[in-house]
Every structure is written in structure tokens, then in C-alpha cells.
Amino acid sequence: MTFLRRNAVTLLLLGGLGTYLTINLQTNAKQQVFESSVKEAINSYFIDKGNVLTNTQFDTSEENKVVRAVIRGETTPTSYDVRQIETVIAQDMAENFPEYLPIKLQLRYLPVQVIESNPLSQDKLDETDAAILTN
């Protein structure tokens with residue numbers, strides 16, 4: 001009992017700090033899982049189209065969560081592609097992260113062209129090129 005009286009303030013501070021750090025860690029972990037899930041959805045959508053995701057930025061506006069993604073490759077994305085990806089992300093988020101809805105996706109596209117010394121040969125991007133572009 002004497003120990004509790006002497007150390008009550010310290011124990012309360014440690015308890016409060018522990019609670020704050022636990023909540024902060026859970027929030028950050030959930031944000032990381034959300035971001036990874038969005039990146040995976042974008043990557044899997046474009047993987048068969050010769051494009052790769054090279055960069056993402058996550059912001060929060062007054063109405064929604066804004067995802068800005070940079071895509072490099074050979075196929076120019078369309079507004080249809082953006083709507084499709086938003087739908088996939090929204091379905092996943094509704095189940096796992098409802099507090100991050102609604103999502104607004106903005107794509108930036110950088111075209112990539114393979115140029116070789118022989119102008120008659122035209123090569124497509126392959127897995128090696130995709131690995132180079134993501135770095």
C-alpha cells in the first residue's frame with residue numbers, strides 16, 4: 001500500500017503513456033495495411049496491361065481519402081480504369097476499412113518506350129523492365 005501511495009503519479013503517467021502508445025501503434029498499423037491493400041489493388045489491375053505502380057501518396061480531404069498514384073508503362077490508363085480500380089478498392093475498404101471511405105483515385109501516367117539499336121525490332125516491357133521501373 002505504501003508503494004502505491006509513493007508511486008501513484010508515476011504509475012498513472014505510465015498507464016496513460018502505455019494506453020496512448022498502444023492506440024497510436026494500432027492506428028499506424030491499420031493505416032499501413034490500408035495503404036498496402038490499395039497499392040496491391042492498383043498493381044494487380046495494371047499488371048497485365050504492361051504498366052507498373054511506381055509511387056503513391058495518400059491524403060485526406062474534407063469529403064474523402066485521396067489516393068494519388070503514378071503509373072509507368074506502355075498502356076495509357078483511361079477514366080474507365082480509374083473507376084474500375086476505385087470500385088475494387090471501395091469494395092475491399094467497405095469490408096476492412098469503412099472509416100477510410102469514400103476513396104478518390106487520381107492517376108498520373110508516365111509513358112515508357114523500349115528503344116533498341118535496330119529500329120525494326122520493337123520489344124514490349126517485361127518483368128525485368130517492371131522491376132527497374134518500380135525502383
Side-chain angles (χ1 to χ4, degrees):
M1 195 60 141
T2 306
F3 173 78
L4 289 176
R5 282 187 202 149
R6 285 186 192 167
N7 298 309
V9 173
T10 304
L11 291 173
L12 284 173
L13 287 174
L14 284 175
L17 182 62
T19 302
Y20 169 76
L21 290 175
T22 300
I23 292 169
N24 194 22
L25 177 65
Q26 288 176 339
T27 303
N28 287 340
K30 194 167 190 175
Q31 178 72 21
Q32 290 296 320
V33 171
F34 163 73
E35 290 178 9
S36 294
S37 180
V38 169
K39 289 175 186 178
E40 179 60 34
I42 295 169
N43 247 342
S44 63
Y45 184 85
F46 284 113
I47 198 73
D48 295 333
K49 299 181 184 218
N51 295 341
V52 292
L53 176 68
T54 59
N55 195 7
T56 52
Q57 178 183 1
F58 296 86
D59 291 324
T60 304
S61 72
E62 293 177 10
E63 307 93 44
N64 48 30
K65 191 80 163 174
V66 179
V67 179
R68 293 180 182 92
V70 177
I71 302 292
R72 290 186 186 181
E74 31 184 53
T75 307
T76 305
T78 64
S79 59
Y80 174 79
D81 293 325
V82 174
R83 280 193 305 274
Q84 290 296 106
I85 297 169
E86 278 181 344
T87 302
V88 168
I89 292 171
Q91 289 171 348
D92 183 42
M93 298 307 111
E95 296 173 13
N96 300 315
F97 308 99
E99 66 274 12
Y100 291 121
L101 289 174
I103 298 283
K104 180 179 179 185
L105 177 63
Q106 296 176 344
L107 286 183
R108 276 108 172 119
Y109 171 68
L110 302 171
V112 174
Q113 183 178 7
V114 177
I115 301 170
E116 295 186 13
S117 60
N118 181 358
L120 298 177
S121 100
Q122 292 192 345
D123 197 8
K124 296 279 188 189
L125 294 178
D126 60 13
E127 290 178 9
T128 306
D129 295 321
I132 292 169
L133 290 173
T134 57
N135 290 332

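- Side-chain N/O atoms of Gln57 and Asn55 include no donor and acceptor closer than 3.5 Å.
- Here Phe46 pairs with nothing under the ring pair (Phe, Tyr, Trp, His ring centres under 6.0 Å) rule; sequence neighbours left out.
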Only pairs under 3.5 Å count here: list side-chain donor-acceptor contacts from residues 14-27, not counting sequence neighbours, and write none if there are none.
{"from": "Thr19", "atom 1": "OG1", "to": "Gly15", "atom 2": "O", "distance (Å)": "2.8"}
{"from": "Thr22", "atom 1": "OG1", "to": "Gly18", "atom 2": "O", "distance (Å)": "2.8"}
{"from": "Thr27", "atom 1": "OG1", "to": "Ile23", "atom 2": "O", "distance (Å)": "2.9"}

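- Pro77 approaches Asp81 most closely through the heavy-atom pair CA-OD2, 3.3 Å.
- Of the inter-residue distances, the one linking Leu12 atom CG with Asn7 atom CG reads 10.5 Å to the nearest 0.5 angstrom.
- Under the 4.5 Å side-chain contact rule for hydrophobic residues, Phe3 and Val9 do not share a cluster.
- Each of Leu110 and Val52 belongs to its own hydrophobic cluster when Ile, Leu, Val, Met, Phe, Trp and Tyr are linked at side-chain heavy-atom distances under 4.5 angstrom.
- Residues Glu99 and Phe34 are not in side-chain contact: their nearest non-hydrogen atoms beyond the backbone lie 4.5 Å or more apart.
- Asn51 contributes a side-chain N or O that, together with a main-chain N or O of Glu74, makes up a donor-acceptor pair within less than 3.5 Å.
- Taking the side chain as every heavy atom from C-beta outward, Phe97 and Ile103 never approach each other to under 4.5 Å.
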Would you tabulate the side-chain donor-acceptor contacts of residues 84-96 under 3.5 Å, counting partners in other chains and residues two or more places apart, or write 'none'?
{"from": "Glu86", "atom 1": "OE2", "to": "Leu105", "atom 2": "N", "distance (Å)": "2.8"}
{"from": "Thr87", "atom 1": "OG1", "to": "Arg83", "atom 2": "O", "distance (Å)": "2.8"}
{"from": "Asp92", "atom 1": "OD1", "to": "Asn96", "atom 2": "ND2", "distance (Å)": "2.7"}
{"from": "Asp92", "atom 1": "OD2", "to": "Ser37", "atom 2": "OG", "distance (Å)": "2.5"}
{"from": "Asn96", "atom 1": "ND2", "to": "Asp92", "atom 2": "O", "distance (Å)": "3.4"}

Decide side chain to side chain contact (heavy atoms under 4.5 Å, CB included) for Gln106 and Val66; before the verdict, give the C-alpha distance in whole Å, the side-chain angles of both, and the deciding distance to 0.1 Å.
CA-CA 7 Å; Gln106 296 176 344; Val66 179; 4.1 Å; yes

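- Checking each of Val70, Val82, Leu53 against Leu107 for a side chain to side chain contact (heavy atoms under 4.5 Å, CB included) leaves exactly one that passes, namely Val82.
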Please walk me through it: do Glu63 and Lys104 pass salt bridge (charged side-chain N to carboxylate O under 4.0 Å, His left out)?
CA-CA 9 Å; Glu63 307 93 44; Lys104 180 179 179 185; over 6 Å; no

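- At least one donor-acceptor pair under 3.5 Å links the side chain of Thr75 to the backbone N or O of Lys49.
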